[in-house]
Chemist: 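What follows is a single structure, and I will ask about it in a moment.
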Amino acid sequence: MINWKKLAVALAASTVLLSGCTQSNIVSPTSGTVEGDGVPDVEVDENIPIDWLEVREDLRDTFLDPYGTYADFVLDLDARYDEETDLLTVLIPVTHKTTGADAIPYAQDVLKVIGSSVATQNFYYEAPDSEDGQDDTYYGSFFDNHDVCVQVFYYDDEGDESAYLMNDTMKAGEQRALTALVD
């Protein structure tokens with residue numbers, strides 16, 4: 001019994017000592033005044049800059065796998081954003097095995113990866129979610145606010161827009177299926 005009494009006295013003493021050391025400077029600062037309005041800022045900042053090098057790396061990690069879905073078509077990928085014109089240009093050089101019909105789902109999947117990558121960097125934007133029943137032409141909310149030009153071309157025809165498989169500009173908010181120039 002003596003051990004229980006000693007233990008109870010020690011616990012009571014610890015409780016008394018610790019209860020005096022619980023002042024929080026976060027909830028009630030020692031100066032007594034709270035800076036600002038005291039309400040936490042929970043708004044999402046839409047002005048967080050996007051790291052387009054990281055977006056390019058995400059594209060390359062997704063599509064430059066030699067055993068991926070589009071392995072017969074992929075050569076390289078690039079996404080270039082121009083802040084002055086607010087235009088994202090997506091350049092997709094492909095092999096000569098690629099047809100216009102092949103270019104459409106490939107380019108749409110590229111836009112979805114871009115939408116996901118942007119949403120990962122800036123939570124203001126919503127990523128496309130293929131599992132929630134949305135149609136295949138939702139690329140993420142980034143494309144609700146920004147124009148995008150998608151150019152799919154044979155690797156040796158870059159710059160010759162008359163030979164492009166796709167040169168489609170989607171205006172902000174359209175969220176539609178892309179169209180190829182040739183079948």
Side-chain angles (χ1 to χ4, degrees), residues 40-155 157-158 161 163-183:
D41 182 14
V42 294
E43 294 296 318
V44 178
D45 184 8
E46 68 180 287
N47 296 320
I48 296 173
I50 303 300
D51 182 357
W52 291 102
L53 290 174
E54 185 176 327
V55 172
R56 282 184 216 121
E57 288 303 314
D58 289 345
L59 286 170
R60 290 181 175 140
D61 289 347
T62 303
F63 294 105
L64 292 182
D65 181 358
Y67 303 108
T69 306
Y70 303 104
D72 291 340
F73 314 125
V74 177
L75 284 175
D76 198 6
L77 296 149
D78 196 8
R80 300 174 184 168
Y81 181 70
D82 184 353
E83 289 184 31
E84 291 179 15
T85 62
D86 198 29
L87 176 70
L88 174 65
T89 304
V90 180
L91 304 172
I92 307 174
V94 294
T95 66
H96 284 277
K97 294 179 184 179
T98 311
T99 65
D102 297 328
I104 292 170
Y106 177 35
Q108 290 179 172
D109 284 351
V110 168
L111 289 183
K112 288 177 188 176
V113 170
I114 291 171
S116 294
S117 182
V118 166
T120 300
Q121 292 184 41
N122 184 340
F123 295 127
Y124 174 76
Y125 296 110
E126 178 184 321
D129 187 5
S130 59
E131 296 177 10
D132 70 357
Q134 292 176 338
D135 64 75
D136 288 339
T137 60
Y138 182 71
Y139 310 112
S141 67
F142 176 80
F143 298 105
D144 288 337
N145 303 324
H146 304 279
D147 296 344
V148 61
C149 175
V150 180
Q151 297 177 331
V152 180
F153 50 87
Y154 297 127
Y155 62 91
D157 286 335
E158 183 173 5
E161 291 186 13
Y164 281 10
L165 296 172
M166 179 183 296
N167 191 4
D168 192 357
T169 300
M170 185 173 62
K171 295 294 182 186
E174 282 186 344
Q175 298 278 346
R176 60 171 171 78
L178 298 172
T179 56
L181 298 171
V182 295
D183 291 330

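Since we're looking at a predicted model, the values are computed, not measured.
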Chemist: Hey, are the side chains of Tyr139 and Asp109 touching, using non-hydrogen atoms and a 4.5 Å cut-off?
Modeler: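 Counting from C-beta outward, Tyr139 and Asp109 never come under 4.5 Å.
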Chemist: Report yes if some heavy atom in the side chain of Leu165 is under 4.5 Å from a heavy atom in the side chain of Tyr154; otherwise report no.
Modeler: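 Yes. Closest side-chain heavy atoms under 4.5 Å.
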Chemist: Residues in side chain to side chain donor-acceptor pair (under 3.5 Å) with Asp102, at least two apart?
Modeler: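 Asp102 satisfies side chain to side chain donor-acceptor pair (under 3.5 Å) with Thr99 only.
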Chemist: What are the two closest non-hydrogen atoms of Thr169 and Arg176, and how far apart are they?
Modeler: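 Of all heavy-atom pairs spanning Thr169 and Arg176, the closest is O-NH2, 3.0 Å.
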Chemist: Please check: side-chain N/O of Arg60 versus main-chain N/O of Leu77, any donor-acceptor pairing under 3.5 Å?
Modeler: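 Indeed, once roles are kept as given, a pair shorter than 3.5 Å links the two residues.
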Chemist: Would you please name every residue forming a side chain to side chain donor-acceptor pair (under 3.5 Å) with Asp144, sequence neighbours left out?
Modeler: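 In terms of side chain to side chain donor-acceptor pair (under 3.5 Å), with neighbours along the sequence ignored, Asp144 is linked to Gln175.
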Chemist: Taking Asp168 for the side chain and Val150 for the main chain, is one N or O donor matched with an acceptor at less than 3.5 Å?
Modeler: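 No, because the side chain of Asp168 does not come within donor-acceptor range (under 3.5 Å) of the backbone of Val150.
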Chemist: So, using side chain to side chain donor-acceptor pair (under 3.5 Å) as the criterion, who are the partners of Gln151 when residues are at least two apart?
Modeler: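 Here the qualifying residues are Asn167.
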Chemist: Kindly give the heavy-atom pair with the smallest separation between Ser116 and Ala127, and that separation in Å.
Modeler: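 Between these two residues, the closest heavy atoms are CA-CB, 3.9 Å.
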Chemist: Nearest 0.5 angstrom please: Cys149 SG to Leu88 CG, how far?
Modeler: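 Between atom SG of Cys149 and atom CG of Leu88 there are 9.0 Å.
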Chemist: Just how far is it from atom OH of Tyr138 to atom CG of Leu111, taken to the nearest 0.5 Å?
Modeler: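 Answer rounded to 0.5 Å: 12.5 Å.
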Chemist: Rounded to the nearest 0.5 Å, how far apart are CG of Asn122 and CZ of Phe142?
Modeler: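 Between atom CG of Asn122 and atom CZ of Phe142 there are 9.5 Å.
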Chemist: Does Val148 offer a backbone N or O that forms a donor-acceptor pair with the side chain of Thr89 under 3.5 Å?
Modeler: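 Checking the backbone N and O of Val148 against the side chain of Thr89, no donor-acceptor pair under 3.5 Å is found.
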Chemist: Mind listing the closest non-hydrogen atom pair of Asn145 and Ala172 along with its distance?
Modeler: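 Smallest interatomic distance, heavy atoms only, reads C-CB, 3.6 Å.
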Chemist: If you measure from CD1 on Ile50 to OH on Tyr124, what distance do you get to the nearest 0.5 Å?
Modeler: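 Between atom CD1 of Ile50 and atom OH of Tyr124 there are 12.0 Å.
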Chemist: Can you name the nearest heavy-atom pair linking Ser141 to Glu126, along with the distance?
Modeler: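 Where Ser141 meets Glu126 most closely, the heavy atoms are OG-N, 2.5 Å.
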Chemist: Grab the two heavy atoms, one from Met166 and one from Thr179, that are nearest each other, plus how far apart they are.
Modeler: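 Heavy atoms of Met166 and Thr179 come nearest at CG-O, 3.4 Å.
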Chemist: From Asp78 CG over to Arg56 CZ, what is the distance, rounded to the nearest 0.5 angstrom?
Modeler: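 Rounded to the nearest 0.5 Å, the CG-CZ separation comes out at 4.5 Å.
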Chemist: Decide yes or no for Ile114 and Val110: does some side-chain heavy atom of the first lie under 4.5 Å from some side-chain heavy atom of the second?
Modeler: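 Result yes, sub-4.5 Å side-chain heavy-atom pair found.
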Chemist: My understanding is that only residues two or more places apart in sequence, or in another chain, count here; which of them pass side chain to side chain donor-acceptor pair (under 3.5 Å) with Thr98?
Modeler: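 For Thr98, no residue satisfies side chain to side chain donor-acceptor pair (under 3.5 Å) once neighbours in sequence are set aside.
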Chemist: Over all heavy atoms of both residues, which pair between Pro128 and Gly115 is shortest? Give the atoms and the distance, please.
Modeler: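 Smallest interatomic distance, heavy atoms only, reads CD-C, 3.8 Å.
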Chemist: Out of the candidates Asp58, Thr62, Asp51, only one should pair with Ser117 under the side-chain hydrogen bond (donor to acceptor under 3.5 Å, both in side chains) rule; please name it.
Modeler: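 Running side-chain hydrogen bond (donor to acceptor under 3.5 Å, both in side chains) over Asp58, Thr62, Asp51 with Ser117 returns exactly one hit, Asp58.
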Chemist: Roughly how far, to the nearest 0.5 Å, is CD of Glu174 from OG1 of Thr137?
Modeler: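 Rounded to the nearest 0.5 Å, the OG1-CD separation comes out at 11.0 Å.
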Chemist: Under the ring-ring contact (aromatic ring centres under 6.0 Å, His included) test, which residues partner Tyr106, sequence neighbours left out?
Modeler: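 Phe63, Tyr70.
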Chemist: Can you find a pair of side-chain heavy atoms, one from Asp76 and one from Leu64, that are under 4.5 Å apart?
Modeler: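 When only atoms from C-beta onward are counted, Leu64 and Asp76 do touch, with a gap below 4.5 Å.
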Chemist: Partners of Tyr81 by ring-ring contact (aromatic ring centres under 6.0 Å, His included), sequence neighbours excluded?
Modeler: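 Testing Tyr81 for ring-ring contact (aromatic ring centres under 6.0 Å, His included), a comparison that skips the adjacent residues, returns Trp52, His146.
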